[in-house]
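Remarks on the structure that follows.
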Amino acid sequence: MSDKASPPATGKDLARKPRGFPDKREGLIHAQARLVETVTGVYRQWGFEALDTGAFEYADALGKFLPDDDRPNAGVFAIQDDDEQWMSLRYDLTAPLARFVAEQGQGLGRPFRRYAAGPVWRNEKPGPGRFREFWQCDADTVGASGFHADAEMIAMGAEALRAIGMRDGEFVVRVNTRRLLNGVLDSVGAEKAETRLAILRALDKLDRLGASGVADLLGAGRKDDSGDFTKGAGLGADEVKRVLAFAEAGAATRAVTLANLAKAAGFTDEGKAGLAELEAIALALEALGAPEDDVKIDPSVVRGLEYYTGPVFEAELLREVTGEDGKTYRIGSIGGGGRYDDLVARFTGETVPATGFSIGISRLAAALAILGEGAKLDGPVVVLNLDKDNPALALGLATELRRAGLRAEAYMGASSMKAQMKYADRRASPAVVIVGGDEVAKGTVTIKDLEMGAMKAKAISSNEEYRDARPGQIEVPRAEMVSAVRAIVEAQR
RNA sequence: GCCGCCUUAGCUCAGUUGGUUAGAGCGCUGGUUUGUGGAACCAGAGGUCCUCCGUUCAAGCCGGAGAGGCGGUACCA
């Protein structure tokens, strides 16, 4: 390892933040909380119950991703406990579930249907919408082997995305199965694990690189824009054609795709079993009411390489995302899942069928924030502190508002009124309460509706007129303060 | 991990062949207005020019190394 940032020469500490660990402020936090609430609400309605596990798991319980000397930080964040055992921060919510199920054993009734929402950590290179700490929201069914459980995951995932406000054509859940892929791999004679991996990775890039890029990757290899060369799978021309024809069988409706596959899939028993699996899922999707536009069968879907054993699904954001800087961002995958029948067997030897769906909350929240669809800011009512000799006046009024259930604060400090108004403005306050000498003398309070004030101010050009007009302002008897403020706040909802 | 581009005020950026005290717009603070968030005018604060090493009488500018950011690629359980 090379020397890291040198100690500051000035003796001051550097205010810096590890990349991929985002600071989250008001707007983003609320957008994220709303997503979690909505998605878990859908999961609950479908009959799933809550289960959360801790942030750390023993490294061996998470699988093969052990810290080693070659790449001590590959993939996971790991530390040694005081008994020298390696622990890792969980990288998803599924592996800890497998551990939990194995630990509970027969005591846990099955099928066990659970949902969870929380942060996970991956030690990888961050990018836009990609973090090293991020939230996922999962649902899993453990102990149900039939395709119905998979179809349910798919339909429920699509419904959850609808529930958070996705509309026609803004997203799609694409469905495939590992068995179909295995059939294709067998049919082109790919035996070496290395070759099979290379083919699957190439297929996974169909939507991004297009048919010609994938063809290069299936064959000799591909040179990208930066001049970097990626070694291909080394298939012959005929095999490349065959794999591509299969991958491009996806069509507008599930029935047509299945028909295409039936033609293209003259291959192995495993391939035929995969096709039958997809047909069964398609049938169940009808009964579950999953719209054709929301859920498609797409043979190019691969997803992760190791633990899925059957159906796999991937949710993708289709809407173009243009940031304030005018750049367009490709958000891509916002969730996915699949069947992982062997995950519990790692602990117990007993094969426990399981399937799950996961939505990437942080990535979705980031996308919605870029789209300017974060939660609308709603700041506190600010009680101005105008009577320098008696700040308790503002404190008392704010207390009165809070006791009435309103979000309120008294301005801390004795700045000019102008500064206090600017503060309220920046806090996105719905209203300010103004009580100075005049109001005290008259036994009244002045309340300014900041939203209405801003609106009316647009029509005023001269500053003097603006000051005189005092737009959006009302004066009411002191006893009516709470009800008047409440009326303003509620009118802005 | 690999390839390319970039890094000057809170933000967006200018900065001449290396030459005194590094600038602008926006934002921020204060004032004009003892008590009104927009507008206008005036004033002010705010900088280890990413860091370190080197070349030089002299470095924001030249050279080397490193860090960070952006884009691509690989990986993504």
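Below, read A as the first sequence line, B as the second, and so on, with proteins coming before strands; counting in each chain starts at 1. None of these values were measured; they are calculated from a predicted model.
- Only the P atoms considered, B/G15 is 14 Å distant from B/U8, to the nearest whole Å.
- Within the nucleic acid shown, A/Leu386 has no heavy atom closer than 4.0 Å to any nucleic acid atom.
- As rounded to whole Å, 10 Å separates atom P of B/G1 from atom CG of A/Asn123.
- Comparing the same atom, P, in B/U51 and in B/C42 gives a spacing of 35 Å after rounding to whole Å.
- Applying the 4.0 Å criterion to OP1 and OP2 of B/C75, one finds that A/Lys205 has a side-chain N or O inside that range.
- Contact of A/Gln473 with B/U36 (side chain to base): a donor-acceptor pair of N or O atoms is detected under 3.5 Å.
- In this structure, the side chains of A/Val302 and A/Arg178 come closer than 4.5 Å at one or more pairs of heavy atoms.
- Nearer to the 5' terminus of RNA chain B, by closest-nucleotide assignment, is the contact made by A/Arg470 (compared with the other of A/Arg470 and A/Arg122).
- Between A/Tyr340 and A/Leu97, some side-chain heavy-atom pair lies under the 4.5 Å cut-off.
- A donor-acceptor contact closer than 3.5 angstrom is absent between the side chains of A/Asp342 and A/Thr309.
- Considering only residues two or more places apart in sequence or on other chains, A/Arg113 meets the side chain to side chain contact (heavy atoms under 4.5 Å, CB included) condition with A/Phe48, A/Thr141, A/Glu152.
- If you check distances only, the side chain of A/Glu439 does reach the base of B/G35 with a donor-acceptor pair under 3.5 Å.
- In terms of phosphate contacts, A/Arg208 brings a side-chain nitrogen or oxygen within less than 4.0 Å of OP1 or OP2 of B/U73.
- We find that CD of A/Gln136 is positioned 12 Å from C1' of B/C76, with the value rounded to whole Å.
- Spacing between B/U21 and B/G60 at atom C1', rounded to whole Å, works out to 15 Å.
- Regarding contacts with the backbone of B/C75, a side-chain N or O of A/Arg201 is found under 4.0 angstrom from either OP1 or OP2.
- In this structure, A/Ala454 reaches the bases: a heavy-atom distance under 4.0 Å links it to at least one base atom across the strands shown.
- The salt bridge (charged side-chain N to carboxylate O under 4.0 Å, His left out) test applied to A/Glu103 returns A/Arg99, not counting sequence neighbours.
- In this structure, A/Ile434 reaches the bases: a heavy-atom distance under 4.0 Å links it to at least one base atom across the strands shown.
- Dashed line: the shortest gap from a side-chain N or O of A/Lys422 to OP1 or OP2 of B/U29 is under 4.0 Å.
- Contacts of A/Arg196 classified as salt bridge (charged side-chain N to carboxylate O under 4.0 Å, His left out), with partners at least two apart in sequence or in another chain: A/Asp186.
- Between the CG atom of A/Asp92 and the C1' atom of B/C75 there is a distance of 16 Å, given to the nearest Å.
- A/Glu350 meets the salt bridge (charged side-chain N to carboxylate O under 4.0 Å, His left out) test with A/Arg110; sequence neighbours excluded.
- Proximity of A/Met421 to A/Val382: side-chain heavy atoms (C-beta onward) are nowhere separated by under 4.5 Å.
- Within 4.0 Å of A/Ala95, counting heavy atoms only, lies no atom of the nucleic acid at all.
- If you take CE of A/Met452 and C1' of B/G37, they are 16 Å apart, rounded to a whole angstrom.
- For B/A77, the OP1/OP2 oxygens have no side-chain nitrogen or oxygen of A/Arg90 closer than 4.0 Å.
- The shortest distance between the side-chain N/O atoms of A/Arg130 and the OP1/OP2 oxygens of B/C75 is not below 4.0 Å.
- Separating the P atom of B/G47 from that of B/G38 is a span of 26 Å, rounded to the nearest Å.
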### Query
For RNA chain B, what is the dot-bracket line, given that a base pair needs Watson-Crick (N1 to N3, plus N6-O4 or O6-N4) or G-U wobble (N1-O2 and O6-N3) geometry with both distances under 3.5 Å, and | means paired with another strand?
(((((((..((((.....[...)))).(((((.......))))).....(((((..]....))))))))))))....
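- Taking the salt bridge (charged side-chain N to carboxylate O under 4.0 Å, His left out) definition, one finds that A/Arg174 meets it with A/Asp298, A/Glu316, sequence neighbours left out.
- Judged by distance alone with a 3.5 Å cut-off, no donor-acceptor contact links the side chain of A/Lys448 to the base of B/G38.
- Ring stacking is absent between A/Tyr423 and B/G37, as the pair misses the limits of under 5.5 Å between centres and under 30 degrees between planes.
- In this structure, the OH atom of A/Tyr411 is 15 Å from the P atom of B/U36, given to the nearest Å.
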